[in-house]
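Just below is one structure, and these are the notes that go with it.
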Number of protein chains: 2
Amino acid sequence: MSPSPVRLRDVALAAGTSTKTASRVINGDARVATDTRHRVQEAVDQLGYQVDLMARSLRKGVDDTVGIVVPTIGDPFFAKAIEEIEQMALPRGINLLVASNSRDPKCERKVVDGLLARRVSGLIVTPFSTDYSFLERVVTPVVFLDRHPKGMDVGAVIVDDEGGAYRIVMHLASFGHRRIALLTDDLTIETSRLRREGYVRAMFELDLPIEQELQATWCVDAAQAETCTNDMLDLDHPPTAIFSARSETSLGVVRALHLRRRTDIAFASFGDFATADVLSPAITVIDHDPRTLARRAMEMLSERLDGAPASPVDTIVAVELIARGSGELPALRAVS
Amino acid sequence: MSPSPVRLRDVALAAGTSTKTASRVINGDARVATDTRHRVQEAVDQLGYQVDLMARSLRKGVDDTVGIVVPTIGDPFFAKAIEEIEQMALPRGINLLVASNSRDPKCERKVVDGLLARRVSGLIVTPFSTDYSFLERVVTPVVFLDRHPKGMDVGAVIVDDEGGAYRIVMHLASFGHRRIALLTDDLTIETSRLRREGYVRAMFELDLPIEQELQATWCVDAAQAETCTNDMLDLDHPPTAIFSARSETSLGVVRALHLRRRTDIAFASFGDFATADVLSPAITVIDHDPRTLARRAMEMLSERLDGAPASPVDTIVAVELIARGSGELPALRAVS
DNA sequence: AATGTCAAGGTAATCGTTGTCACGCGCATT
DNA sequence: AATGCGCGTGACAACGATTACCTTGACATT
């Protein structure tokens, strides 16, 4: 048996109408006599008819789905974003196709093409490193999340990465820190680059030097961040404060600090994470809610689906600094 | 412009063949002359042809997608599971439709029906509370993840919930604890019920009473778990050890213990979580990897897609107890 | 030389739904 | 009484690919 052996023509037959009229009833077309509508409705219920969405989509030219492409589905930040988008899409009868670009340009292009070939009605993408200029020939609306795409000059829904990082560094400095270390992911990622720029701007304004030995800009995961933190703590002039530009790397830093019992070192994280508030000291963070980001993106996509043109303007989601203790530790031994 | 204005017939025209032959080339049919194949291939590249997956799916009767339904997409456990499944599906050219049942039976049924109507080739479901007997009339293969469905007697891919809980309680007891509290999610959820059964069996074997005041069996989220923990600590005879049956609730327990500075209380969690190993004391957990679970489920689904019949036997994934400190705290004042 | 076989390719039907257009039938309008 | 207007309805084509079935010609077999 096929998934649903009941076709529209079976319903029409049972109701004694044409398939077209049955179709009208199903799609809520007003131009159907109440009596007819009733008969069709009954037949639908009786037979347990369900629209074949493939056929519908073929006919209509678009599928009632939106695709979302993120670097890593398992990352709590993106997982929450996906959840939010699904929650918004569901009531509209829109399904969600989820795909990851696996932090690999080849894969990224393939994934996006695959989604396009599926005739998704829209796409939400966190671009990695693919040149997205090919999208200009495509009519499917695409909204970019968290980062700008390469090769395309369109707005995106992003958080205030540069500003948040700036604030965090200024915050640390206000407690007397001068040797402030930076840990980020790969700088080819826009998010990382911007956060570093915020760090640089703050350091510059503070008249502090950017020391190479206090920069770890390739920390893809927690393990690498842990190693880098350890290396820095072993320096002759170790940092008195650390700024980690991602939740994921923060886990590594926290691990290193705790295992070495160096919780006297000030620490702040761009991105909140579970238990950040129960550690001792609790971790000071810049909070940027993935849900807000996702909501904005989905709202924007909805507008695009309704015909609005792509906006070249960014939607910037504000961030909040949550002081919990770790970022307010003073620089006891102001070194050099 | 339509998503891809290039159709198969355009390719055929350009290659000077019929659409059928072009189709053969695209689908890797061997019965095409090398020369012809070449011409078609070239036309495909030149025109940038992409198969319209909707049309293909309509004709074939199934779509190259699998659907996954989980209670909460944002839950790190399920997020990781989704990630694993996506990673396995991608190389096969299968896309992933993700949906959540929002812990609501009505929604659950609707969501599953929607996915079925989309003609997914298979479904992976973490059932919540819907009666799934209706699936018996459906041919789409369904694999159940983490729990058994109601109203259906089929195997599922699950972890050893009962055994893991049993081990955890025995472990706590071996350090002298007699008043061991239990925190779980809603008991209508099979996972929670089984973990509680493990607790009960252990307590029974230990000849310890099941005290109502030490049972909090409705902790849906961390906040509730925190409240329940606080309530228990305020008892005349508070527990000396706590067993939290879910990562999510564990976060609440940890929060309560830390905020009250009662880290002398022994604690173990069913389910690992980020930073569990850097807290002081580090948290003893039963680790059950969502990826393993997901992998098994996807393997099983693949077999089903290849025609294997549904197995009535469960696939049980073993769990591991990771002693980190919090579960090995002794019961100092052995009460009553 | 006649026949059979097989590779290579084509034709038309089909998947299930929806958009286009046309039709009949009352009812109000002139 | 003739015209016009909507309403409710249905016949039919189309969406773009695949599949069942057929044709053709080259070559091998007897």
Side-chain angles (χ1 to χ4, degrees), chain A residues 1-41 43-44 47-64 93 114 116-121 139, chain B residues 1-41 43-44 47-64 93 114 116-121 139:
Chain A
M1 247 198 253
S2 180
S4 168
V6 185
R7 306 280 159 250
L8 190 57
R9 70 158 151 282
D10 301 320
V11 172
L13 204 66
T17 71
S18 71
T19 60
K20 180 61 213 180
T21 300
S23 169
R24 284 200 182 91
V25 173
I26 283 158
N27 292 293
D29 190 320
R31 266 180 286 262
V32 178
T34 327
D35 174 53
T36 315
R37 175 190 313 286
H38 235 71
R39 286 205 324 275
V40 172
Q41 202 53 261
V44 166
L47 298 168
Y49 170 77
Q50 294 229 146
V51 187
D52 184 312
L53 293 174
M54 287 300 101
R56 200 219 276 292
S57 297
L58 171 60
R59 185 66 246 253
K60 294 208 160 177
V62 288
D63 194 13
D64 273 343
L116 254 22
R118 180 146 265 127
R119 300 247 200 174
V120 292
S121 50
V139 286
Chain B
M1 247 197 255
S2 180
S4 168
V6 185
R7 306 278 158 252
L8 188 58
R9 68 160 152 279
D10 302 320
V11 172
L13 204 67
T17 70
S18 71
T19 60
K20 178 60 216 175
T21 300
S23 169
R24 282 202 183 87
V25 173
I26 283 158
N27 292 293
D29 190 318
R31 261 181 286 262
V32 179
T34 327
D35 174 52
T36 314
R37 175 189 313 285
H38 235 72
R39 285 206 323 279
V40 172
Q41 202 53 263
V44 166
L47 299 168
Y49 171 75
Q50 294 231 148
V51 186
D52 185 312
L53 294 175
M54 288 299 101
R56 202 220 275 293
S57 297
L58 171 61
R59 186 66 246 249
K60 292 205 161 177
V62 288
D63 193 14
D64 273 342
L116 254 22
R118 179 146 265 128
R119 300 249 199 174
V120 293
S121 50
V139 286

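Proteins get letters first, then strands, A, B, ... in listed order; numbering begins at 1 in each.
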* Asked: Should B:Asp52 and A:Arg119 be marked as a side-chain contact (heavy atoms from CB on, under 4.5 Å) after you check the CA-CA gap, both sets of side-chain angles, and the distance that decides it?
  -> CA-CA 8 Å; B:Asp52 185 312; A:Arg119 300 247 200 174; 2.4 Å; yes

* Evaluate the side-chain contact (heavy atoms from CB on, under 4.5 Å) criterion for residues A:Val44 and A:Val6: first the C-alpha distance (whole Å), next the side-chain angles of each, then the deciding distance (0.1 Å), finally the verdict. => CA-CA 9 Å; A:Val44 166; A:Val6 185; over 6 Å; no

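Going from atom CZ of B:Arg119 over to atom P of C:dC15 covers 11 Å, rounded to whole Å. Distance A:Met54 CE to C:dG16 C1': 12 Å, rounded to the nearest Å. In this structure, CZ of B:Arg31 is placed 13 Å from C1' of D:dA20, rounded to the nearest angstrom. One interatomic measurement links the two molecules: CG of B:Asp63 to P of C:dC15, which rounds to 18 Å at whole-angstrom precision.
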* List the protein contact pattern of nucleotides 17-24 of chain C with one symbol per nucleotide (5' to 3'): B for base contact, S for sugar-phosphate-only contact, - for none; contact means a heavy-atom distance under 4.0 Å. => BBBB----

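Formation of a donor-acceptor pair under 3.5 Å by the B:Arg118 side chain with backbone atoms of A:Leu53 is not found in this model.
Within the nucleic acid shown, A:Thr36 comes within 4.0 Å of sugar-phosphate atoms alone, with no base atom in reach, counting heavy atoms only.
Every residue two or more places apart in sequence or in another chain that forms a side chain to side chain contact (heavy atoms under 4.5 Å, CB included) with B:Arg9 is listed here: B:Arg7, B:Thr19. For the side chain to side chain donor-acceptor pair (under 3.5 Å) test, residues two or more places apart in sequence or in another chain that qualify with A:Arg56 are A:Asn27. Among residues two or more places apart in sequence or in another chain, the salt bridge (charged side-chain N to carboxylate O under 4.0 Å, His left out) test is passed with A:Arg39 by A:Asp35. With sequence neighbours left out, B:Arg24 forms a side chain to side chain contact (heavy atoms under 4.5 Å, CB included) with B:Lys20, B:Thr21, B:Asp29, B:Val32. Partners of B:Ser57 by side chain to side chain donor-acceptor pair (under 3.5 Å), not counting sequence neighbours, listed by chain and number: B:Asp63.
For C:dG10, one of the phosphate oxygens OP1 or OP2 lies less than 4.0 angstrom from a side-chain nitrogen or oxygen of B:Ser18.
Rounded to 10 degrees, the angle between the two end axes of the helix from C:dA1-D:dT30 to C:dT30-D:dA1 is 50°, with five pairs used at each end.
Minimum atom distance to the side chain of B:Leu58 is reached by C:dG16, of the listed D:dT9, C:dA7, C:dG16.
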